[in-house]
There are 2 protein chains.
Amino acid sequence: MSPDAPASARGQPTIRDVAAAAGVSIGTVSRVAGGSARVAEQTRARVLSAMALVGYQPNAAARAMRTNKTKTIGFLMPDISNPVFSRVAVGAQSVLGPAGYTLFALSSNRSPVQEVEYLQAVRQRQMDGLIVTLADETASATTEELRRMRVPVVLLDRDVDIGADVVFSDHVIAMETIVSHLIALGHRRIGLVTASEKIRPGRERVRGFRGALAAAGLPVDDWLIRAARQSAEYGATETHDLLTGRDPPTAIIAAGSDIFYGAMKAVRLLRRDIPRELSFVGADDLLLSEVIGPPITVIDRDMVEVGREAGRLLLDRLNGVALPPRHIMLASSVVLRDSIAAPSHA
Amino acid sequence: MSPDAPASARGQPTIRDVAAAAGVSIGTVSRVAGGSARVAEQTRARVLSAMALVGYQPNAAARAMRTNKTKTIGFLMPDISNPVFSRVAVGAQSVLGPAGYTLFALSSNRSPVQEVEYLQAVRQRQMDGLIVTLADETASATTEELRRMRVPVVLLDRDVDIGADVVFSDHVIAMETIVSHLIALGHRRIGLVTASEKIRPGRERVRGFRGALAAAGLPVDDWLIRAARQSAEYGATETHDLLTGRDPPTAIIAAGSDIFYGAMKAVRLLRRDIPRELSFVGADDLLLSEVIGPPITVIDRDMVEVGREAGRLLLDRLNGVALPPRHIMLASSVVLRDSIAAPSHA
DNA sequence: CACCTCCGTGTAAACGTTATGTCGCCGGAT
DNA sequence: ATCCGGCGACATAACGTTTACACGGAGGTG
């Protein structure tokens, strides 16, 4: 099939193989490969066909060593198997790709140790930029490692003071909106299950939650607020606990995609009828919420757009834009569906 | 805070900075960094503290150029935002990480062009190995590029003859099982919506489907078989078409996670009652199927285990195991739930 | 007491690329 | 006919590592 690859010894063919095959010097091959300087059309053609012949691909390591650029961006997220995070990669790629950068996705599995390791990997590999969603804002080893980074960094929805650009998602307004709505429907005891207050989303959601209650002049029962982890198990456990407590809520907000799953499962197991016996609000999973019976009201945000925005910010920095750190706030939307109603006996 | 980083000029500190700070030669620093040869304990300590002082991280590009190893594995998948694929990354990482390799995830967004580009990126960056799920088995540019790869490759659930190790998922047996079950319940017209026969999963599922019908002596109505794309839209469209046709099926199998979503949505819109009016079988999304009312019967497979197995195969090759290509077959499971029943008037 | 051995360290070459400086040659202008 | 200007190609020096080789000194042995 393919012409027996005329690689030098073993391994990939180098610029030298191409030069030999084309009968030119390596400098000329480099210029053709880089497309930088002027090369006579005839020579260029000879070089190009030689490259095709030997199946040449420039050695990125050598190139990187010489130029100090890798055309590579790292994207570190807490959990690659959660679409909320991985969708960001799709958005970022759509912006960075056309600009000639390759996006490498890394998943720390919510482990701060892994996070540090990957951050070092990014630094060792001289990646040109970094987009990162931290698993824990309070891990000092991680933020220290971030500060060591000598390349542009874009932070996603986290409050860490490293002088980086940040793309924030609104959580407060959306939470206030839905809680106010529930209050207007007559709910007085509303349960909230969300991420730990150690990260911004958890903190902000709790803030919006408390704010809406305060605005309505209602007391806050801390027992109704569960903010510790992000997992289906946590969502299930806490929801079960809330619903089987002495004075259970008439509405539950499961603010987080994994928590949403788990909470939903707990509601099923307890055979609570939505929305007759319980009003239910999910988050960050439009597809799921649409397909469940009845359709579930959700707080949603466009994570692909978050990725695009992050890509744009990064690209600006890579092109040398020297501005003070920029903060971008992206709205969340509240999608009202059939899962909420007035409480049965208010 | 941190001691003003004594990096040489600008940029990251190099081995030379460390050598100067420790008062030794660069060779010695390299030996300490690499942990290879014997170094006097006293010297080692001095070098280590010098490395910490300047915040040294070895330059991966230089290292790669010298050693022809990058300790880096690429994982190319069709869609990073689909957990079916990204879960594989989690499994692979759990095996490769402890062995000192970093896994970089790449998403082609089902574009053959992107696929080729990423394959070239992997080759340019001299990654030590590759795990890949192809978006289309029939794209010759992709398979040609794969053949060019001079490092171990593990293929996931695809039939492409490049002499690579492969981790297969069973689709035939699982499909036969569920179809036979539906037939036993009295179903005679069963609809199937699945991926294109251009990729193994689609092909095998159709094969299992036809096989089960044949085994039961039932005729195959090709109108009931939809195998072209993988997307929620496709799932919705085809399901709608099947259910609103002249002679609609009494059961539908939505074999594919995105198709599952879409099909489910179509069923909701048409207000078909499951399982009274329609028996429904989903695939590859355990969480969703559990939470929908009623719980949905699904064909499921452990994608994390697929990743682990792929990681193991790759690791063997990286350690120099020279065997003929190995094929591993992982079973799928059929999880029976409340979404299937005898057809209403058989 | 001299020699050999071995351990620890230094030196230097190579990896594949880009970029800088240099040179040869062709064509146009004087 | 001579000279000059450029264009295009070549040679070569880095970039930061690893590693083969050389070397010096300490300790043990004949």
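A, B, ... follow the sequence lines: proteins, then strands. Residue 1 opens every chain. Fair warning: this is a prediction, and the values are worked out from it, not measured in the lab. All values below were derived from every heavy atom in this structure, side-chain atoms included, with hydrogens, water molecules and symmetry-related copies excluded.
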- A:Thr72 versus B:Arg125, side-chain donor and acceptor atoms under 3.5 Å: yes
- Message: To check you understand the geometry: which heavy-atom pair defines the closest contact between A:Gln114 and A:Ser108, and what is its length?
- Response: CB-O, 3.4 Å
- Message: Hydrogens and angles aside, do A:Ser111 and A:Asn109 bring a side-chain donor and acceptor to less than 3.5 Å of each other?
- Response: no
- Testing C:dT11, D:dT12, D:dT17 for proximity to the side chain of A:Ile26, the answer is D:dT12
- Message: Is B:Arg38 close enough to C:dG8 that one of its side-chain N or O atoms is under 4.0 Å from OP1 or OP2 there?
- Response: yes
- Task: Check salt bridge (Lys or Arg N to Asp or Glu O under 4.0 Å) between A:Arg308 and all other residues, then give those that pass, not counting sequence neighbours.
- Result: A:Glu305
Just distance, no hydrogens or angles: give the donor-acceptor pairs under 3.5 Å from side chains in residues 314-324 of chain A, sequence neighbours left out.
unit_1: A:Asp316; atom_1: OD2; unit_2: A:Arg326; atom_2: NH1; d: 3.0
unit_1: A:Arg317; atom_1: NE; unit_2: A:Asp165; atom_2: OD2; d: 2.8
unit_1: A:Arg317; atom_1: NH1; unit_2: A:Val321; atom_2: O; d: 3.3
unit_1: A:Arg317; atom_1: NH1; unit_2: A:Leu323; atom_2: O; d: 2.9
unit_1: A:Arg317; atom_1: NH2; unit_2: A:Asp165; atom_2: OD1; d: 2.8
unit_1: A:Arg317; atom_1: NH2; unit_2: A:Asp165; atom_2: OD2; d: 3.4
unit_1: A:Arg317; atom_1: NH2; unit_2: A:Leu323; atom_2: O; d: 3.2
unit_1: A:Arg317; atom_1: NH2; unit_2: A:Pro324; atom_2: O; d: 3.3
unit_1: A:Asn319; atom_1: ND2; unit_2: A:Leu315; atom_2: O; d: 3.2

- Message: At less than 4.0 Å, is any side-chain N or O atom of B:Thr14 found next to OP1 or OP2 of D:dG16? Yes or no.
- Response: no
- Given atom CD of B:Gln124 and atom P of C:dG16, what is their separation to the nearest angstrom? 15 Å
- Sorted by chain and residue number, the ring-ring contact (aromatic ring centres under 6.0 Å, His included) partners of B:Phe168 (sequence neighbours excluded) come out as B:His327
- Task: Nearest-nucleotide wise, let me know which of A:Val39 and A:Arg16 is further upstream toward the 5' end of DNA chain D.
- Result: A:Val39
- Item | Members of residues 96-103 of chain A that approach DNA chain C, where some heavy atom sits under 4.0 Å away | none
- Donor-acceptor side-chain pairing of A:Thr28 and A:Arg44 below 3.5 angstrom: no
- Query: Between atom CG in B:Asn68 and atom P in D:dT19, what is the gap in whole Å?
  - Reply: 11 Å
- Protein-nucleotide distance (B:Gln12, atom CD; D:dG16, atom P), rounded to Å: 11 Å
- Item | Nearest-Å distance for atom pair CG/P, residues B:Asn59 and C:dT17 | 16 Å
- Task: For B:Ala62 and for B:Gly27, locate the closest nucleotide of DNA chain C by heavy-atom distance; then report the residue assigned to the nucleotide nearer the 5' terminus.
- Result: B:Gly27
- Query: In terms of side-chain heavy atoms of B:Arg63, which of D:dA9, D:dT17, C:dG10 is nearest?
  - Reply: D:dT17
- Message: I want to check one thing: is the phosphate of C:dT17, taken as OP1 and OP2, less than 4.0 Å away from some side-chain N or O of A:Thr67?
- Response: no
- Task: Please name all residues satisfying salt bridge (Lys or Arg N to Asp or Glu O under 4.0 Å) with B:Arg46, sequence neighbours left out, ordered by chain then number.
- Result: none
- Closest to the A:Met65 side chain: D:dC15, C:dT17, C:dG8? D:dC15
- Counting only N and O atoms by type, is there a donor-acceptor contact under 3.5 Å from the side chain of A:Glu115 to the main-chain atoms of A:Thr142? no
- Task: Please report the C-alpha distance between A:Val151 and A:Met127 in whole Å, then the side-chain angles of each, then the deciding distance to 0.1 Å, and finally whether the side-chain contact (heavy atoms from CB on, under 4.5 Å) criterion is met.
- Result: CA-CA 8 Å; A:Val151 295; A:Met127 294 194 180; 5.9 Å; no
- Position toward the 5' end of DNA chain D (nearest nucleotide), B:Thr28 or B:Ala61: B:Ala61
- Along nucleotides 20-25 of chain D, 5' to 3', which nucleotides get a B, which get an S, and which get a -, given that the test is a protein heavy-atom distance under 4.0 Å? B-----
- Query: Could you give the CD1-to-P distance, from A:Ile15 to D:dA11, as a whole number of Å?
  - Reply: 14 Å
- Message: Whole angstroms only, please: what is the CD-C1' distance between B:Glu41 and C:dG8?
- Response: 13 Å
- Query: Can you check the A:Arg44 CZ to D:dG8 P distance for me, whole Å?
  - Reply: 11 Å
- Nucleotide nearest A:Ala40 when distance is taken to its side chain, options D:dC10, D:dG8, C:dG16: D:dG8
- Note on the structure: Between NZ of A:Lys69 and P of D:dC15 the distance, given in whole Å, is 16 Å
